[in-house]
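Numbered from 1 within each chain, the chains take letters A, B, ... in sequence-line order.
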There are 2 protein chains.
Amino acid sequence: MLSLHQLRCFLAVYEHGSLTAAAEHLGYAQPSISEQIRTLERTLGVDLFARIGRGVAPTAAAETLRAHAERTVESAEEARRAVQAVTALETGTVRFGMFGTARLYAGAALIADVLERHPGVRVELVGQNSSDVYDDLRRGRIEAAMIAVPQVHSEGMSVTPVAHDELVYISANPDHLRSPVTAHGLAMASLVMAETTWRANDSTRIVLRQMLHETGRNPQTRIEVEDVETAVELVGMGLADSVVPRGVADQLLPRLAPTAGMVALRPRQVDTLAIVHRNRATLSPATRLMIDLATARIREICEPI
Amino acid sequence: MLSLHQLRCFLAVYEHGSLTAAAEHLGYAQPSISEQIRTLERTLGVDLFARIGRGVAPTAAAETLRAHAERTVESAEEARRAVQAVTALETGTVRFGMFGTARLYAGAALIADVLERHPGVRVELVGQNSSDVYDDLRRGRIEAAMIAVPQVHSEGMSVTPVAHDELVYISANPDHLRSPVTAHGLAMASLVMAETTWRANDSTRIVLRQMLHETGRNPQTRIEVEDVETAVELVGMGLADSVVPRGVADQLLPRLAPTAGMVALRPRQVDTLAIVHRNRATLSPATRLMIDLATARIREICEPI
DNA sequence: GTGAAAGCAAAGGGACTCCCTATGGGTATC
DNA sequence: GATACCCATAGGGAGTCCCTTTGCTTTCAC
């Protein structure tokens, strides 16, 4: 079977016109080069050099081979360089998972951070929904992600909490905001909740369910929508109240529901944002960079852990 | 040091998404491939695959490496071929792809032509179906082929049309043959079509779909069979009509459906037969000979371009 | 013409690589 | 929870790679 080593030896011999000189140039002994050329000739079934007393002379076949051999060796070298460039974050793709409020808080800024440091790279911020992100992690399509936990079961996954995001009650009705909202108040309220498709796994929902469960109540939502922006708008129109992470309220209330306000829950409830990756996974430099940048950004907005 | 063997293993693993499958495909044991990949990863200093319990997932570095690896392996293969070509016609094997009607028209005669000129060579006429031929071309298992286009996408391929083959309507019912068949008539007809497995890529089908599509109709076949001989026989039994290249009708009607006749389509429709090979491939003298002979044979039967 | 120098081939041996089988652990699927 | 699948590791045999030594042929100098 043809090998790069054979081609490299061939080129050296061709250029130097001598096995001995080629060997010296490559740092081998002369018989080693002799053997490589011989096996190359055997695999190709062609004589490449005519042995002429003093030195060697390339045959027609060698002339033909030379250009191809150079291109092949060059191409292999190019492959090595290309991979190296990816490692150095000069080029290639950086893929990271980010779901829900984490993306809302830090998505654009995170990408900006990466591009500022490494202008050559492509960035993919994956995160249509939490199930997708989780699946991508499990199947190795992405190395790590920042998501809100509790999530779908996390066995086999390493979960590193990085920040708490307090849940707040938002409403356009000032009467609803006079004092922190208790489980009782929550059970009485007319609520709009987002992420309806993922309601079973949605982190905020799970936290609320737990809070209500402890007082023996069942959460009932009045309106279900997909994206949190719509929920906030509905709150602004006074059609319902809602519970959202504080960062979301800070960002969206002024823009989408200027007349609405927020109040804490009692007892205080928090979403936990965490970095998640597969156990025992060795993270690439690119992913570690994403983790560091994302963590920094999130901690500016939420309470660091 | 990077080696071709490592790159070949890498590509196999990338394509199969599994070490085991790659090992089977290459004819090695699984641990051997595992070791090759591991040493490749070590020499490059990058993880190429994420081991995810069941199978492996390529990393970003692997995505980058793939294109270069393919080019390198391909280049080495090309080098081998180029040298081989120097001595080809005396001892070597002549391998040529020929699919569908082209083979039916010229297969046996073509082999006879080659053997007459070069009694020493082995001849392989490859062509189970168009997808296979195309794959063989891409991977360099055959240097060139004569096939009917339009084919699966042809990027990286050099396509040289050599002849047109008119499509004709065949039927055992004289009423159906009174005048050229239009798109309307075709849509009304009860048709038997061959090459059912490759229906999506079959050249004749594509031409017909285009013809019907322009009049807003959908082609519907009554009967689907694999080989065109069966289709013609069914036409002969009066069970359905069909559309075949004229050369096929000329050859097969007298033999398999003596009572049937043919009539043109309106507007006229043609299959294009073309020589296809990889861009920048150095064709061996043997292959060039095959191309010349095949072209000559085909032009005797169809309309030259 | 003869000795010396240069260069390739062959032989023998040590280290390493390649590839195998057998086995263990983790992960999906039923 | 049992099963099947897939990868990693371990250990060993065969082959390769590369070395040094040696011998042969050609070339060059005297």
Side-chain angles (χ1 to χ4, degrees), chain A residues 1-10 12-44 47-59 62 131-132 134-143 152-158 276-282, chain B residues 1-10 12-44 47-59 62:
Chain A
M1 188 65 83
L2 209 59
S3 85
L4 279 179
H5 187 212
Q6 289 168 351
L7 294 183
R8 281 188 273 255
C9 291
F10 165 77
V13 172
Y14 185 97
E15 284 165 20
H16 289 85
S18 141
L19 298 187
T20 305
E24 190 166 344
H25 180 247
L26 293 174
Y28 292 124
Q30 168 262 314
S32 306
I33 304 302
S34 180
E35 184 178 342
Q36 290 301 322
I37 298 297
R38 206 168 334 113
T39 51
L40 177 58
E41 287 176 328
R42 209 182 51 229
T43 58
L44 291 176
D47 278 355
L48 292 171
F49 296 99
R51 274 64 168 180
I52 48 169
R54 203 119 160 180
V56 294
T59 65
S131 306
D132 275 6
Y134 200 79
D135 206 49
D136 285 345
L137 277 171
R138 231 168 24 85
R139 291 169 184 270
R141 283 194 287 261
I142 53 181
E143 290 183 41
V152 277
H153 70 300
S154 58
E155 79 184 25
M157 289 290 171
S158 154
V276 182
H277 60 79
R278 294 160 29 79
N279 279 338
R280 290 176 309 282
T282 59
Chain B
M1 188 65 84
L2 208 60
S3 83
L4 279 179
H5 188 212
Q6 290 168 349
L7 294 183
R8 282 189 272 257
C9 291
F10 164 78
V13 172
Y14 186 98
E15 282 167 22
H16 289 87
S18 141
L19 299 186
T20 306
E24 191 166 342
H25 180 247
L26 294 175
Y28 293 123
Q30 169 260 317
S32 305
I33 304 300
S34 181
E35 183 177 342
Q36 291 299 323
I37 298 296
R38 205 168 336 111
T39 50
L40 177 58
E41 287 177 327
R42 209 181 51 229
T43 59
L44 291 176
D47 278 355
L48 292 171
F49 296 100
R51 273 66 166 182
I52 48 168
R54 202 114 161 186
V56 294
T59 65

| request: Kindly write out the residues that satisfy side chain to side chain donor-acceptor pair (under 3.5 Å) with B/Y14, not counting sequence neighbours, or none if the list is empty. | output: B/E63

| query | Rounded to the Å, how far apart are A/E41 CD and C/dC8 C1'? | reply | 12 Å

| query | Distance check: side-chain N/O of B/T20 vs OP1/OP2 of D/dC5, anything under 4.0 Å? | reply | no

| said: Please check this pair: side chain of B/T59 against backbone of B/L48, looking for a donor-acceptor N/O pair closer than 3.5 Å. | reply: yes

| said: Does any part of the side chain of A/R8, heavy atoms only, come nearer than 4.5 Å to the side chain of B/M1, both counted from C-beta? | reply: yes

| task | Decide yes or no for A/T39 and A/Q6: does some side-chain heavy atom of the first lie under 4.5 Å from some side-chain heavy atom of the second? | result | yes

| query | Along nucleotides 15-21 of chain C, 5' to 3', which nucleotides get a B, which get an S, and which get a -, given that the test is a protein heavy-atom distance under 4.0 Å? | reply | ---SBBB

| In whole angstrom, what separates B/M1's CE from D/dC18's C1'? | 14 Å

| query | What's the spacing between B/L4 CG and B/F10 CZ if we round to 0.5 Å? | reply | 14.0 Å

| request: Quantify the bending of the helix from C/dG1-D/dC30 to C/dC30-D/dG1 as the angle between its end axes, each fitted on five pairs, to 10°. | output: 30°

| message | Using a 3.5 Å distance criterion without hydrogens, assess whether the side chain of B/E41 forms a donor-acceptor pair with backbone atoms of B/D47. | response | no

| task | Among D/dA8, D/dC6, C/dA9, find the nucleotide with the atom closest to the side chain of A/S34. | result | C/dA9

| Test item: B/H25 side-chain N/O and B/A21 main-chain N/O as donor-acceptor pair under 3.5 Å | no

| request: Take the protein atom CG of A/L19 and the nucleotide atom P of C/dA10, then report the distance between them rounded to whole Å. | output: 12 Å

| note | When rounded to whole Å, the CD1 to P distance for the pair A/I37 and D/dC18 reads 12 Å

I'd like a table of donor-acceptor pairs (distance under 3.5 Å, sequence neighbours excluded) in which one partner is a side-chain atom from residues 26-36 of chain B, with atom names and distances.
from: B/S34; atom 1: OG; to: B/R38; atom 2: NH2; distance (Å): 3.3

| query | Considering residues at least two apart in sequence or located in another chain, which fulfil the salt bridge (Lys or Arg N to Asp or Glu O under 4.0 Å) criterion with A/R141? | reply | A/D135, A/D136

| query | Quick one: is A/S18 getting a side-chain N or O under 4.0 Å of the C/dA6 phosphate, OP1 or OP2? | reply | no

| request: For A/E24 and C/dA6, give me the distance from atom CD to atom P, rounded to whole Å. | output: 12 Å

| task | Starting from C1' on C/dA9, measure out to CZ on A/R38 and report it in whole angstrom. | result | 7 Å

